[in-house]
Amino acid sequence: MAIQSVRGFNDLLGEELARFRRASSVVRSVLERHNFEEILLPVVEYAELFQRSIGEITDIVQKEMFLFKDRKGRLLALRPEGTAGAVRAFLEHKFYAERPYTKLFYEGPMFRYERPQSGRYRQFHQIGAELFGVAEPSADAEIISVVYELLKELEIDSVIEINSLGCKECRPPYREALKEFLAQKEEHLCKDCLGRKDRNPLRVLDCKEKSCKLAVSDAPKMVDYLCDSCKEHYSQLKELLTHINIPFRENFNLVRGLDYYTRTVFEAVSDSLGITVVAGGRYDYLVQELGGPPTPALGFAVGVERLALLLKDIPKPKELYVVIPFGDVLPYALKVAKALRSKGKRVEFSYRRGGLRKQLDFANRLGAKYAVIIGEDEAKEGVVSLKDMDSGEQKKVKI
RNA sequence: GAGGGUGUAGCUCAGCUGGUAGAGCGGGGGACUGUGGAUCCCCGUGUCGCGGGUUCAAGUCCCGUCACCCUCCCCA
């Protein structure tokens with residue numbers, strides 16, 4: 001058997017790649033407009049970084065990481081997401097000491113050992129942005145505004161949902177209240193939720209199972225338990241979003257799969273495919289938990305493949321010129337191709353053999369806008385016959 | 001990790017109750033050595049995903065395995 005690519009690790013090519021590039025470049029340009037600075041992070045980190053940041057009991061850490069040991073026996077991981085690495089870099093370069101706040105973005109492959117399905121691979125790409133050092137809700141508003149603008153620019157139909165998960169003051173009491181509530185609903189919960197109702201009760205709110213949804217419909221809401229400062233933060237954020245005309249929807253059942261989130265969380269779900277394309281939130285304790293100074297922070301990540309899947313149309317490539325040498329004119333024809341390319345034209349030099357007819361047929365198949373016909377007459381006169389492949393018009397021109 | 005579907009030529013697929021492989025499209029060549037998208041003619045051995053089993057005989061039945069697609073879990 002010929003060697004195949006590894007499951008979930010795919011070649012990206014053709015139109016799919018064009019969509020991918022488009023999605024990526026739009027997101028990048030929106031981030032650059034907001035003056036986020038790019039950082040190129042390594043793909044491998046110590047496994048401990050993810051265990052400490054994402055949370056020991058999450059599925060990502062428990063069963064979805066690509067783990068391996070280096071030659072000295074240290075446990076390494078292919079990164080399953082980007083925030084942990086960004087925080088590590090923020091601390092390692094001591095950005096907290098040299099600027100009042102820091103805005104970073106990263107792009108690159110992420111790895112999760114999951115079952116592949118539509119819009120989901122073991123190697124996939126994310127672009128993420130992180131804002132370190134601003135506690136005020138204006139930072140939340142700006143991050144959500146970036147998300148809104150990139151979705152708008154890519155013409156992706158989706159709604160931004162927001163919620164608040166509270167802080168270490170108000171979340172524990174809420175968690176307990178929710179646990180108590182769920183204990184009374186046990187007979188309505190699915191098997192997965194029975195497993196997580198004590199371990200990670202917030203996740204039950206997010207379950208797609210009908211009976212769970214129903215059981216949870218009158219569950220206590222985090223918003224009702226928010227402490228004064230969280231409540232203030234959340235209502236200011238909503239006010240700001242309204243002021244800058246960013247449509248959003250509150251979803252009291254919105255939670256995140258990663259442990260580090262606090263206060264604001266948000267997500268954009270595509271209307272057509274029903275998959276999450278962007279997700280993010282605030283993580284005010286993570287920097288400190290990873291050994292840094294107390295630093296409020298927040299960010300988001302987009303799945304580039306998922307975005308690409310939803311793109312309406314892709315830009316057409318530049319108009320193609322096909323240079324057709326005909327007869328003993330090779331040196332001249334190559335010179336013409338070089339000249340056209342130096343003018344920035346997209347040029348294919350035809351290596352196809354056969355008569356002019358066959359070569360024009362070839363140019364046609366390539367989708368050429370112009371055929372640059374070079375026979376011995378043209379070579380002698382120092383011109384080319386430029387044929388417009390749509391209209392069929394042809395004239396001799398100097399290049 | 002659980003469930004369902006699929007796997008035959010480059011692509012899309014046909015192949016009925018087992019008798020050793022076909023079509024369309026694409027591609028190549030020609031009709032046609034200076035003008036395309038048309039027409040006509042010619043060109044298909046591909047480990048029938050892989051391994052094993054049943055059988056005189058397996059693309060076709062059975063078991064296993066791998067991959068892909070979809071759903072769930074989880075997540076971007």
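Each chain gets a letter, A, B and so on, in the order its sequence line appears, and its residues count up from 1.
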By nearest atom, which of the nucleotides [options] is closest to the [X] side chain?
X        : options                : result
A:Phe124 : B:rU35, B:rC70, B:rA76 : B:rA76
A:Gln117 : B:rG36, B:rU33, B:rU71 : B:rU71
A:Leu360 : B:rU35, B:rA76, B:rG34 : B:rU35
A:Arg306 : B:rA76, B:rC32, B:rC72 : B:rA76
A:Asn364 : B:rG37, B:rG34, B:rA76 : B:rG37
A:Met389 : B:rC69, B:rU35, B:rG36 : B:rG36
A:Arg7   : B:rA76, B:rU71, B:rC68 : B:rC68
A:Ile373 : B:rG34, B:rG36, B:rC73 : B:rG34
A:Gln126 : B:rG1, B:rA76, B:rU35  : B:rA76
A:Leu356 : B:rG3, B:rA76, B:rU35  : B:rU35

Using a strict 4.0 Å threshold on nitrogen-to-oxygen distance, state whether [X] and [Y] make a salt bridge.
X        : Y        : value
A:Glu15  : A:Arg19  : yes
A:Lys238 : A:Glu250 : yes
A:Arg120 : A:Glu114 : yes
A:Arg88  : A:Glu45  : yes
A:Asp361 : A:Arg357 : no

Suppose you measure atom [atom1] in [N] against the same atom in [M]; what distance do you get, rounded to whole Å?
N      : M      : atom1 : answer
B:rC11 : B:rC16 : P     : 22 Å
B:rA67 : B:rG49 : C1'   : 7 Å
B:rU12 : B:rC40 : P     : 26 Å
B:rC13 : B:rU8  : P     : 9 Å
B:rU47 : B:rA9  : P     : 8 Å
B:rG64 : B:rG28 : C1'   : 41 Å
B:rG46 : B:rG7  : C1'   : 15 Å
B:rU55 : B:rC63 : C1'   : 16 Å

So what does [X] touch, heavy atoms closer than 4.0 Å: a base, only the sugar-phosphate, or nothing?
X        : answer
A:Gln394 : base
A:Ile324 : nothing
A:Val278 : sugar-phosphate
A:Gly327 : nothing

For [N], give the paired nucleotide (Watson-Crick: N1-N3 plus N6-O4 or O6-N4; G-U: N1-O2 and O6-N3; both under 3.5 Å), or none.
N      : answer
B:rC73 : none
B:rG7  : B:rC66
B:rC32 : none
B:rA23 : B:rU12
B:rC48 : none

field: Residue whose closest nucleotide on RNA chain B lies nearer the 5' end, A:Pro116 versus A:Glu393
entry: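 On the 5' side of the pair lies A:Glu393.
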message: Heavy-atom nearest nucleotide on RNA chain B for A:Ser5 versus A:Gly303: which residue maps closer to 5'?
response: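 The residue mapped nearer the 5' terminus is A:Ser5.
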field: Atom pair distance, as rounded to whole Å: CD in A:Glu114 and P in B:rU71
entry: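 One finds 14 Å between P of B:rU71 and CD of A:Glu114, rounded.
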field: Length of the line joining A:Asp388:CG and B:rG37:C1', which is rounded to integer Å
entry: 14 Å
- prompt: To the nearest 0.5 Å, how far apart are CE in A:Met222 and CG in A:Leu205?
  reply: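 It is 11.0 Å, given to the nearest 0.5 Å.
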Result block: side-chain N/O donor-acceptor pairs under 3.5 angstrom for residues 278-291 of chain A, not counting sequence neighbours:
from	atom 1	to	atom 2	distance (Å)
A:Arg282	NE	A:Asp140	OD1	3.2
A:Arg282	NE	A:Asp140	OD2	3.1
A:Arg282	NH1	A:Val134	O	3.2
A:Arg282	NH1	A:Asp284	OD1	2.8
A:Arg282	NH2	A:Val134	O	3.0
A:Arg282	NH2	A:Ala135	O	3.4
A:Arg282	NH2	A:Glu136	O	3.4
A:Arg282	NH2	A:Asp140	OD1	2.6
A:Tyr283	OH	A:Glu130	OE1	2.5
A:Asp284	OD1	A:Ala297	N	3.2
A:Tyr285	OH	A:Lys168	N	2.8

field: Polar pair under 3.5 Å, donor/acceptor by atom type, side chain A:Glu378, base B:rG34
entry: yes
query: With no angle test and no hydrogens, is the base of B:rC32 tied to the side chain of A:Arg357 by a donor-acceptor pair under 3.5 Å?
result: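 A donor-acceptor contact between them is present.
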Any donor-acceptor N/O pair, A:Asp388 side chain to A:Asp390 backbone, under 3.5 Å: yes
message: Filter on salt bridge (Lys or Arg N to Asp or Glu O under 4.0 Å), then keep only pairs touching residues 141-150 of chain A, sequence neighbours left out; what's left?
response: A:Arg33-A:Glu149, A:Lys103-A:Glu142
Just N and O in the side chain of [X]: are any of them under 4.0 Å from OP1 or OP2 of [N]?
X        : N      : value
A:Lys358 : B:rG30 : yes
A:Arg203 : B:rC75 : yes
A:Gln359 : B:rG36 : no

N/O-N/O pairs, protein side and nucleotides 25-27 of chain B side, under 3.5 Å:
from	atom 1	to	atom 2	distance (Å)
B:rG27	OP1	A:Arg365	NE	2.9

task: Flag as yes if A:Phe362 stacks onto the base of B:rG36 (centroids under 5.5 Å, planes under 30°), otherwise no.
output: no
task: Could you tell me whether A:Phe66 and A:Phe9 have their ring centroids closer than 6.0 angstrom?
output: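 Yes, the ring of A:Phe66 comes within the 6.0 Å limit of the ring of A:Phe9, centre to centre.
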